[in-house]
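Scroll down for the structure; my scribbles are underneath it.
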Amino acid sequence: MKRMIWTSLGTLLALSCWGAAPAIAQTASCPIKIGAILPLTGSMGPVGKHIAESAQLAIDTINQGGGIKGCQVQFILRDDQGQPTVGVDAAKYLVEVERVAALSGSVSSGVTLPILTAVAVPSGVPLVSCCSTAATFTTMAAEGRTNGFFFRTLPTLKTQAYATAKVTAERGYKRIAIIYLNTDFGTGMVKDFTKATEKLGGKVVKAVAYNENQPSYRAEVNAAMAEKPDALFLVAFPQDGATMTREWISLGGTQNLVLNNALRSLDYIKLVGAKYLQSAFGMDNASVAGPTVDAFKVAFQKAYNTSPDGPGIYNQYDAIMAIGLAIALAPDLSGKSIRDAMRKFQTEGGTIVGTGPDAFREAIALIKAGKPIRYVGATGPLTFDANGDVSGPALIWTVKGEALAIDRQISLDDMAALFKSID
Amino acid sequence: MTLGIVSYLTFFAVVVTILGIATLGLNLQWGSTGLFNAGIVGFYGIGAYAQAILTAAPRPELLGNFGLPWIVGIVGAMVCSALMAALVGLVTLRLRGDYLAIATFGIATVLQVIALNWDGLTGGSLGMTSIPRPLASLFSDPFAYNVFYLGLTLAAAAIVYVGLERIIRSPWGRVLKAIREDETAAIALGKNAARFRFEAFVLGCTVTGLAGALYVSFIGFVGPFDFLPIITFQIWTMLIVGGSGNNRGALLCSLIVWALWTGSGTLISRIVPAAYQTQGGAIQSILIGLVLVLTLMFKPRGLIGEEPVVSRHAR
Amino acid sequence: MIGQAIADGVLTGAIIALGALGVSLCLQILRFANFAQAELLTFGAYAALTFTGFATAGVSIGPLSFGWQLLVAVALAGIATGAVAVAVDRLVFAHLRRRQAHDLTMVFASFGLALILRNLVLLLWGPDAHYYSQELQIAIEVLPGVRLMPDQVFVLGLALVLVLTLHVFLRFSRLGRAMRAMAESPALARICGIGTEAMVRWAWVASGALAAAAGVFAGLTVQIRPEMGANLLLPILTAAILGGTGSLFGAVVGGLVVGLAENLSALVIPTSYISTVPFILLLLVLWVRPQGLFAPAGGR
């Protein structure tokens with residue numbers, strides 16, 4: 001019996017090391033490895049699935065565009081299952097055993113945070129997140145606790161919250177109820193939105209938090225409805241969001257709905273029914289119009305036969321592309337060099353490079369020639385600030401007929417003015 | 001490259017040892033006493049949060065974060081888990097066995113809700129970062145520190161192991177087994193079964209709390225999503241496969257089961273096509289569930305099984 | 001506000017009650033708390049979804065969002081879920097019974113099975129949310145401040161019919177009486193020539209069918225998701241204990257109490273803490289009246 005145990009133990013250990021074996025055989029640095037940790041199962045699974053597809057598309061773009069430094073890129077995707085422990089273990093494995101050059105992930109700030117503090121910072125590997133919005137990352141970067149290894153490709157919550165508040169006020173909604181997902185994302189959004197709304201003359205009459213994985217959301221909906229608000233601001237992900245919207249409308253709630261960026265998905269509209277969303281509007285910061293954005297849309301549609309309109313999809317593409325360009329720009333594959341190269345593809349006045357394999361090939365050629373470049377990606381021009389954050393224009397979307405429509409854009413200048421008037 | 005593997009394995013071994021300690025706590029409850037604790041993750045979480053709240057540096061937005069020394073956190077974590085176990089135990093232990101299972105399952109759910117919602121104490125959904133690691137300033141290299149921490153957790157595991165071995169071989173431990181085997185007979189011999197069960201339950205949860213505290217002071221972070229029910233299943237599998245009632249089996253199978261869990265994760269990420277990756281976690285969970293159920297069915301004594309003789313004098 | 005909370009509480013309570021009935025049956029006939037009951041509920045909801053997938057939910061009947069096809073699907077899902085429950089019993093629990101395993105080993109096995117079943121559903125049907133009908137219903141104000149959807153009224157009615165049917169079956173049919181005898185005393189029942197294994201099988205069929213109905217109702221009034229059953233597990237177990245483990249009537253009342261308590265508590269505590277309410281009820285009841293509210297005289 002004992003021998004059996006030791007044999008099985010040995011097999012298991014061999015199994016867990018097996019992953020590393022092919023890597024040992026290669027002496028050169030080809031292929032270059034990029035690791036990603038995303039929630040593929042668990043409550044964020046439906047969101048994470050499409051984000052992972054987008055990451056894969058970016059990797060394909062890079063490889064079809066000739067790869068980086070003469071190497072193909074190998075993409076290693078791990079599932080964090082929405083659990084920090086699993087995410088940290090995966091990150092540790094990717095960094096120590098697979099020796100990835102850079103990491104991307106995760107979605108929930110609660111998972112990204114321990115990956116950053118327990119793996120990325122101590123090991124000196126850049127971490128680019130598509131979706132973690134917590135303000136904590138900015139604070140930590142400002143205090144020097146990230147050593148500059150953290151980047152994210154979506155604007156902080158403030159952009160979303162302020163722009164939403166502005167349009168809410170313009171539409172004349174004075175008394176607003178909020179139902180929000182009880183995560184850093186939801187609570188942060190409510191805080192900024194409330195501040196902005198009060199500055200703009202409105203009032204948040206009730207803010208109801210909801211937890212994921214409840215058997216029913218009736219109580220939350222009732223609590224918000226009791227105040228008889230002019231409008232409902234819903235901060236949710238498509239699945240729970242659809243359930244709550246259905247109950248809200250069924251129970252006779254106002255159809256003046258204000259929606260967050262994650263609900264800008266056809267899934268959500270289909271699940272609720274487009275005819276109830278005709279007077280709703282939402283905010284998003286991804287997908288500014290432009291040829292590079294359109295090229296990405298077409299490529300994604302072609303690859304996966306579905307629309308890329310959904311939370312984090314545009315941002316994840318840019319996260320991987322940013323890593324790819326930074327590796328190409330870095331003199332070597334060390335984490336520090338890649339980190340320092342992260343801001344070298346955002347040169348104002350540099351040759352604009354966009355999305356897709358041809359654009360990537362061109363970017364590599366320009367880098368080889370020592371020419372400055374300006375990456376304009378799936379989310380528009382990408383510019384990391386000192387804390388690794390990006391700022392971006394906002395966009396207001398509505399539902400026209402059965403489809404998503406873009407109502408208008410709030411430009412960077414307008415956003416800056418808005419920030420000034422509220423802060 | 002080999003250094004990378006060694007470094008990862010060190011990290012891996014620390015996690016295994018910590019889970020092993022939790023399994024030892026559970027073994028006292030199930031293996032020795034026959035108590036079904038379906039909410040291990042709750043007590044593990046209490047230990048983790050208590051450690052964080054007691055030792056993390058003060059922050060204005062948080063009530064806790066007392067910045068106390070590491071060892072105070074460890075003791076405090078064990079005390080907090082023990083108190084919560086006492087509360088649940090007082091209500092349920094005089095009743096039939098499945099009630100304890102349901103109540104412990106409930107407490108794990110409730111604690112997760114509290115961790116998620118009581119922002120002022122727990123940091124809410126974001127959790128708490130920068131939880132101090134003991135003697136971290138002495139090490140500049142993360143690898144060296146992990147080796148040190150592995151030593152620390154191994155020492156803790158050894159203390160728990162030796163302590164529990166002595167306890168179950170003591171007269172007190174023999175009463176526990178007597179109750180498990182035949183409660184009526186034990187009561188007829190004048191043993192207060194409810195009290196013995198209560199003590200075993202609280203002691204087991206204290207050990208689980210210690211494991212939680214060791215975990216957060218290693219990772220340096222605590223958050224509500226670290227304490228999902230799947231951890232309960234994992235720790236149970238470690239115990240059942242190893243053989244309930246056997247502490248060495250519990251420790252060994254912590255290693256086997258965690259290797260199986262992370263190993264299958266790696267394997268799935270390598271061999272399963274991208275389109276089906278999203279189902280990978282489901283396959284892993286089914287694997288854990290199958291191991292549990294199949295062991296119960298075909299190898300109820302586990303791989304190693306319980307040692308038949310517990311008294312030194314009876315040998 | 002209170003009126004609406006009561007109406008919603010009764011509705012949630014009805015669904016919980018159906019689940020709790022299954023747990024209670026299992027506690028009586030098989031004498032262990034089945035943690036996998038909630039997963040049968042999920043399975044039932046998805047099975048019905050698959051059946052409606054063949055024929056769509058149908059042209060809606062009157063104000064309801066679905067047609068006769070869904071009713072057929074409920075029946076089929078009930079049969080399918082009952083079959084799954086029996087199969088699980090054959091594969092796992094029967095084996096343990098033959099070995100005369102401890103009651104807690106059964107609880108434990110059900111705990112592991114719950115994990116397997118949930119993830120099988122995830123594997124088979126994927127993680128996305130579904131509805132039986134895309135069409136959204138507008139609630140009708142039945143009393144001032146109380147709005148109900150036609151589907152909900154239907155669900156309440158059908159739940160009531162199911163409970164009454166079960167009652168009549170256990171009370172008057174030969175099989176039902178045999179099952180009750182078995183619940184009272186397995187040894188005596190065996191002496192009287194009642195086939196124990198057959199009774200066990202019927203208990204599984206009944207709790208599977210009840211679970212499927214609860215699952216479809218939960219899916220009809222909320223949403224179909226792989227975690228839907230797991231999220232109802234604590235309320236269901238609480239309801240079963242609350243009612244008294246020997247009493248089917250108690251399980252129904254227990255379900256209603258849990259449903260009402262959850263919805264009424266939303267008026268006084270923050271909604272994010274509602275999921276702790278069943279647990280607090282559970283501790284209270286175990287502390288004050290551990291035999292449950294409606295335990296039969298001389299129960300365990």
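Lettering of chains follows the sequences in order, A, B, ..., and the numbering in each one begins at 1.
- Judged purely by distance below 3.5 Å, without hydrogens or angles, the side chains of C/Gln223 and A/Thr243 pair a donor atom with an acceptor atom.
- Side-chain atoms of A/Tyr276 and C/Ile138, non-hydrogen and from C-beta on, do get closer than 4.5 Å to each other.
- Residue C/Ser265 does not touch chain A at all, counting heavy-atom pairs closer than 4.5 Å.
- Looking at C/Ile274, the atoms closer than 4.5 Å to chain A (heavy atoms on both sides) all sit in the side chain, from C-beta outward.
- Within a 6.0 Å radius of NZ in A/Lys191, other residues, nucleotides and ligands contribute 12 heavy atoms or fewer.
- Put simply, of C/Ala266, C/Ala5, C/Ala129, C/Gly9, the one with the most heavy-atom pairs under 4.5 Å next to chain A is C/Ala129.
- Taking CE of C/Met228 as the reference point, atom OG of A/Ser216 lies at 11.5 Å (rounded to 0.5 Å).
- To the nearest 0.5 Å, atom CZ of residue A/Arg218 and atom CG of residue C/Asn263 are 8.0 Å apart.
- Heavy-atom distances place both the backbone and the side chain of A/Asp240 under 4.5 Å from chain C.
- For C/Ser272, the parts sitting under 4.5 Å from any heavy atom of chain A are the backbone and the side chain alike.
- For the pair C/Thr271/A/Tyr210, no side-chain contact is recorded, criterion being any heavy-atom separation below 4.5 Å from C-beta on.
- Note that CD1 of C/Ile140 and CG of A/Leu251 are 11.5 Å apart. Values are rounded to the nearest 0.5 Å.
- Under a cut-off of 6.0 angstrom, the local environment of CD in A/Glu402 is sparse, with at most 12 non-hydrogen atoms contributed by other residues, nucleotides or ligands.
- Going from atom CD of A/Gln239 over to atom CD1 of C/Ile224 covers 11.5 Å, rounded to the nearest 0.5 Å.
- For C/Ile2, the CD1 atom sits in a loose shell: 12 or fewer heavy atoms of surrounding residues, nucleotides or ligands are nearer than 6.0 Å.
- With a threshold of 4.5 angstrom between heavy atoms, A/Asn222 approaches chain C through its backbone and through its side chain.
- For the residue pair A/Gly252 and C/Arg147, the shortest heavy atom distance occurs at CA-NH1, 4.5 Å.
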